[in-house]
Asks: 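Before anything else, here's the structure in question.
Keep in mind that this is a model prediction, so the values were computed, not measured. We count ligands from 1, going down the list as the structure has it; atoms in each ligand are counted the same way.
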Amino acid sequence: MNERMTMTTATAALPDRQPDTQTVTAVRHWTDQLFSFRVTRPASLRFRSGEFVMIGLPGDPDPKTGRAKPLLRAYSIASPSWDDELEFYSIKVPDGPLTSRLQNIEVGDQIILRPKPVGTLVHDALLPGKRLWFFATGTGIAPFASLIREPQTYEDYDQVILTHTCRDVADLAYGRELVEALEDDPLIGELVDDKLLYYPTTTRESSARMGRVTDRLRSGEIFTDLGIMPISPQTDRAMVCGSMGLNTDLKAILEGFGLREGANSDPAEYVVEKAFVG
Ligand code: A2P
């Protein structure tokens, strides 16, 4: 039997095989609007911390053809590249076609995952520097949840600053817990040491630090609060992930400090990606 025949036989024997399906291994609801979940990782999936993939659920069958088109959205992988499983962090949009259903997933359920990781929030898109800033609003923290658990982040930089702006204190819990767990992490706890600074702010509910991170950058308050020098193109690199508004405002602020936008093909001083919802 030649190779071609073997392959044909194997494919024909598995007519219902769904190569892009993964099993849910954990689900955690953080608030009535936010949840995270973990799924099995396809053995063949390699990705760089900070990248995103398309995930989703089977859609409703088309009344005419009877075929179900998958309902897919781009989601940042929130787990680091070395993790055995994949983690995602999501908002629950009540009338969102995907998240209204995805929020009901349970351990053992199947989700669709297209194993083609892409994205600009990767180390390769930045030139070498001394300090790395992660600016997130809401679920925009997901790619940074991956990158703060990535050893390369601490090997390449002397200091790492994660800012997270949310409306309410409870919206910060996912990020806060990750940061707190890092020190004791057997794999990268030692590397992180005291390199990571965490700067959460809330804009609606009162907390220790109120206001948008953008205002605190413009006023210089953030540098005073953290006891560090202002942003400079010689030393600082930045990644931004949030709403269109945050991304536009931060681009202007970072350009004002003299940083230029980079890309995988043309590394520079900062990179931006929109946080995905739906
Ligand atoms: P604010 O409450 O002042 O709008 P959302 O829940 O709407 O996605 O927003 C998440 C967080 O991002 C909120 O705290 C919100 O602040 C903040 N935010 C929204 N737009 C901007 C922006 N242009 N710059 C900084 N923070 C922003």
Side-chain angles (χ1 to χ4, degrees), residues 28-37 50 52 73-76 78 88-100 102-103 119-121 132-148 160-179 197-226 228 230-231 236-259 261 269-278:
R28 186 155 168 199
H29 294 269
W30 297 87
T31 69
D32 55 3
Q33 285 166 358
L34 295 165
F35 71 115
S36 61
F37 56 97
F52 64 87
R73 293 284 182 278
Y75 269 84
S76 289
F88 299 96
Y89 181 53
S90 179
I91 195 159
K92 307 174 193 176
V93 183
D95 52 358
L98 178 63
T99 60
S100 61
L102 194 63
Q103 63 175 290
T120 53
L121 302 179
L132 177 59
W133 294 79
F134 295 136
F135 293 107
T137 53
T139 55
I141 197 170
F144 307 139
S146 172
L147 282 156
I148 62 167
V160 178
I161 304 138
L162 169 65
T163 84
H164 194 196
T165 298
C166 292
R167 294 183 182 200
D168 301 325
V169 174
D171 306 338
L172 295 168
Y174 174 73
R176 183 183 299 281
E177 203 168 284
L178 274 180
V179 169
L197 299 177
Y198 174 54
Y199 195 83
T201 72
T202 57
T203 51
R204 311 275 171 114
E205 190 183 353
S206 89
S207 71
R209 283 206 187 103
M210 298 273 311
R212 293 179 167 193
V213 72
T214 41
D215 292 333
R216 286 176 168 256
L217 280 163
R218 290 192 196 99
S219 69
E221 244 175 318
I222 188 168
F223 309 119
T224 318
D225 287 347
L226 294 171
I228 59 175
I231 292 176
D236 292 79
R237 304 293 173 257
M239 297 192 189
V240 182
C241 189
S243 60
M244 284 298 271
L246 172 91
N247 292 0
T248 309
D249 291 354
L250 256 176
K251 275 172 90 147
I253 292 170
L254 294 173
E255 301 265 345
F257 281 118
L259 275 59
E261 185 168 3
E269 287 94 28
Y270 78 90
V271 279
V272 178
E273 205 161 79
K274 195 172 167 297
F276 306 103
V277 288

Asks: Is there side-chain contact between Asp215 and Arg218, with heavy atoms separated by less than 4.5 Å?
Replies: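 Yes, close enough: below the 4.5 Å cut-off.
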Asks: Compute the minimum heavy-atom distance from Val213 to ligand 1 and say whether it is under 4.0 Å.
Replies: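 The answer is no: ligand 1 sits nowhere under 4.0 Å from a heavy atom of Val213.
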Asks: Indicate whether the side chain of Thr31 and that of Gln33 have a donor and an acceptor atom separated by less than 3.5 Å.
Replies: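 Side-chain D/A pair, Thr31 to Gln33: absent.
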Asks: Enumerate the atoms of ligand 1 whose separation from the nearest heavy atom of Gly245 is less than 4.0 angstrom.
Replies: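 Matching atoms, with element in brackets: 22 (C), 23 (N).
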Asks: Using the rule given for ring-ring contact (aromatic ring centres under 6.0 Å, His included), can you reason through Phe52 versus Tyr75, listing the C-alpha separation, both sets of side-chain angles and the distance that settles it, and then say yes or no?
Replies: CA-CA 5 Å; Phe52 64 87; Tyr75 269 84; over 10 Å; no
Asks: At less than 4.0 angstrom from any non-hydrogen atom of Ser243, what atoms of ligand 1 do you find?
Replies: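 Ligand 1 atoms under the 4.0 Å threshold to Ser243: 20 (N).
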Asks: Taking the minimum heavy-atom distance to atom 1 (P) of ligand 1, which of Ile253, Leu217, Thr203 ranks first?
Replies: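 Closest candidate by heavy-atom distance is Thr203.
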Asks: Are any of the N or O atoms of Gly138 closer than 3.5 Å to those of ligand 1?
Replies: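 No.
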Asks: To the nearest 0.5 Å, tell me how far Phe144 CZ sits from Ser76 OG.
Replies: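 Here the interatomic distance stands at 8.5 Å.
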Asks: Quiz question: by atom type and distance under 3.5 Å, do the side chains of Trp133 and Thr163 form a donor-acceptor pair?
Replies: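 Note: Trp133 and Thr163 side chains miss the donor-acceptor criterion.
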Asks: Taking atom types as modelled and ignoring hydrogens, do the side chains of Thr137 and Thr165 form a donor-acceptor contact shorter than 3.5 angstrom?
Replies: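 Short answer, no.
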Asks: Of the listed options (Thr137, Asp171, Asn247, Leu246), which comes nearest to atom 17 (C) of ligand 1 when hydrogens are ignored and any heavy atom counts?
Replies: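 Looking at heavy atoms only, Thr137 sits closest to atom 17 (C) of ligand 1.
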Asks: May I ask you to list the atoms of ligand 1 that are less than 4.0 angstrom from any heavy atom of Asp249?
Replies: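 So the atoms of ligand 1 that pass are 22 (C), 23 (N), 24 (N).
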Asks: Pull out every atom of ligand 1 sitting under 4.0 Å from any heavy atom of Thr214, numbered as shown with elements.
Replies: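 It comes down to these atoms of ligand 1: 24 (N), 25 (C).
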Asks: Which option, Arg212, Arg167, His164, owns the non-hydrogen atom nearest atom 4 (O) of ligand 1?
Replies: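 That would be Arg212.
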Asks: Which bit of Thr165 is near ligand 1, meaning a heavy atom under 4.0 Å away: side chain, backbone, both or neither?
Replies: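 Both backbone and side chain of Thr165 come within 4.0 Å of ligand 1.
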Asks: Check each of Arg204, Gln33, Glu205 against atom 2 (O) of ligand 1 and report the one with the nearest heavy atom.
Replies: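 Among Arg204, Gln33, Glu205, the closest heavy atom to atom 2 (O) of ligand 1 comes from Arg204.
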Asks: Using protein heavy atoms only, decide if any is under 4.0 Å from atom 8 (O) of ligand 1.
Replies: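 False for atom 8 (O) of ligand 1.
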Asks: In terms of the angle between their ring planes, are Phe257 and Phe223 parallel, tilted or perpendicular, with boundaries placed at 30° and 60°?
Replies: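 Rings of Phe257 and Phe223: perpendicular, over 60°.
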Asks: Just checking, any donor-acceptor pair under 3.5 angstrom between side chains of Arg28 and Tyr174?
Replies: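 No, no side-chain donor-acceptor contact under 3.5 Å.
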